[in-house]
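Okay, so here's the structure we're looking at.
Numbers here simply count residues along the sequence, with the first being 1. Remember, it's 1-based here, ligands and their atoms both numbered in the order they're listed.
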Amino acid sequence: MTEPPPPPSHDEGAERIEGIERRWAMVGIGVLLVLVVVAAFAGIHQAAMPQSRVEIVDPLRLHLSGEFIDSNLGSAVEPDGSVTVRAIGQEYSFTPSCILVPRDTPITFRATSADVVHGFLIDGTDINLMLVPGYISSLRARFETLGERYMPCHEFCGTGHEGMWGRIKVVDKAVFAQMAAGAKRVSCVK
Ligand code: CUA
């Protein structure tokens, strides 16, 4: 009877390769673990420390009282010469539907939604906000070019979403000052 041949053993080279592969696998696992820890930390940190500046508003009272009462919507000239634009998005329009702003002037947009989440975007600019019911979205901007731009709602908000859009008209400072003289709020709604 002959002895069965011994099971094939790894030679030294194969063992070394296995060692290297194992080390690289550990590097991969290590990177994964770091990412998991970072994601968990970011999530927990954000949940524990919400944005320092969250402004809330009662969506049921928007047109009736407070900052977003009808008479306060549109563009208002502030004592420092800047302009604050207040607007509401609702199914399926913006109020005012045409926003008037002067060129080359600091503009602050303050907007919110009366019902569902809408998108507030000004065509050809980087102005892009979400209007979330219960919260005030705020953004500072400045327009250098005159003219009219479209303001389509870019968040699907229901069956009339495609028809929800407004306009913004950038006019010369002097023209704006003339239109704003004596008026508390201005817009280009006809
Ligand atoms: Cu509002 Cu889409």
Side-chain angles (χ1 to χ4, degrees), residues 39 42-43 45-47 49-78 82-173 175-176 179-180 183-190:
H45 187 262
Q46 200 176 23
M49 307 175 79
Q51 289 177 37
S52 57
R53 221 177 124 269
V54 173
E55 289 181 274
I56 56 170
V57 64
D58 180 0
L60 297 176
R61 305 283 313 157
L62 289 183
H63 291 275
L64 308 171
S65 65
E67 183 181 350
F68 291 90
I69 192 168
D70 269 350
S71 59
N72 204 29
L73 299 177
S75 308
V77 182
E78 302 295 342
S82 69
V83 168
T84 303
V85 177
R86 291 186 180 84
I88 300 176
Q90 62 261 304
E91 288 173 322
Y92 296 100
S93 64
F94 293 100
T95 312
S97 60
C98 184
I99 291 172
L100 190 76
V101 290
R103 177 168 70 167
D104 207 20
T105 304
I107 311 283
T108 303
F109 288 95
R110 290 177 62 77
T112 185
S113 165
D115 38 44
V116 299
V117 177
H118 297 281
F120 181 93
L121 174 147
I122 298 175
D123 192 31
T125 70
D126 58 359
I127 296 167
N128 187 338
L129 287 170
M130 302 302 287
L131 307 185
V132 183
Y135 296 90
I136 298 171
S137 303
S138 173
L139 185 98
R140 281 165 211 257
R142 197 182 187 98
F143 295 88
E144 306 295 347
T145 45
L146 295 173
E148 198 171 289
R149 294 178 184 279
Y150 287 110
M151 223 170 61
C153 173
H154 66 84
E155 180 67 31
F156 182 78
C157 51
T159 48
H161 163 70
E162 288 85 358
M164 181 172 174
W165 57 274
R167 287 174 299 141
I168 181 160
K169 218 178 206 167
V170 183
V171 296
D172 192 70
K173 267 179 150 173
V175 173
F176 185 87
M179 293 175 83
K184 202 169 152 246
R185 302 288 175 263
V186 285
S187 76
C188 41
V189 177
K190 300 212 169 66

Keeping [X] on the side-chain end and [Y] on the backbone end, is there a donor-acceptor pair under 3.5 Å?
X	Y	value
Ser75	Leu100	yes
Arg149	Asp123	yes
Ser97	Thr95	no

Check your understanding: What is the number of protein N, O or S atoms that sit under 2.8 Å away from atom 1 (Cu) of ligand 1?
Key -> 4

Review point. Is there any ring pair (Phe, Tyr, Trp, His ring centres under 6.0 Å) pair reaching into residues 135-158, and which pairs are they, with sequence neighbours excluded?
Key: Tyr150-Trp165, Phe156-His161

**Study point:** Minimum heavy-atom distance between Asp115 and Gly89, given as atom pair plus value
**Key:**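 Scanning both residues completely, I find the closest heavy atoms to be OD1-O, 4.3 Å.
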
Practice item. State which residue, out of Ile136, Val85, Asn72, Val57, fulfils the side chain to side chain contact (heavy atoms under 4.5 Å, CB included) condition with Arg110. Key: Ile136

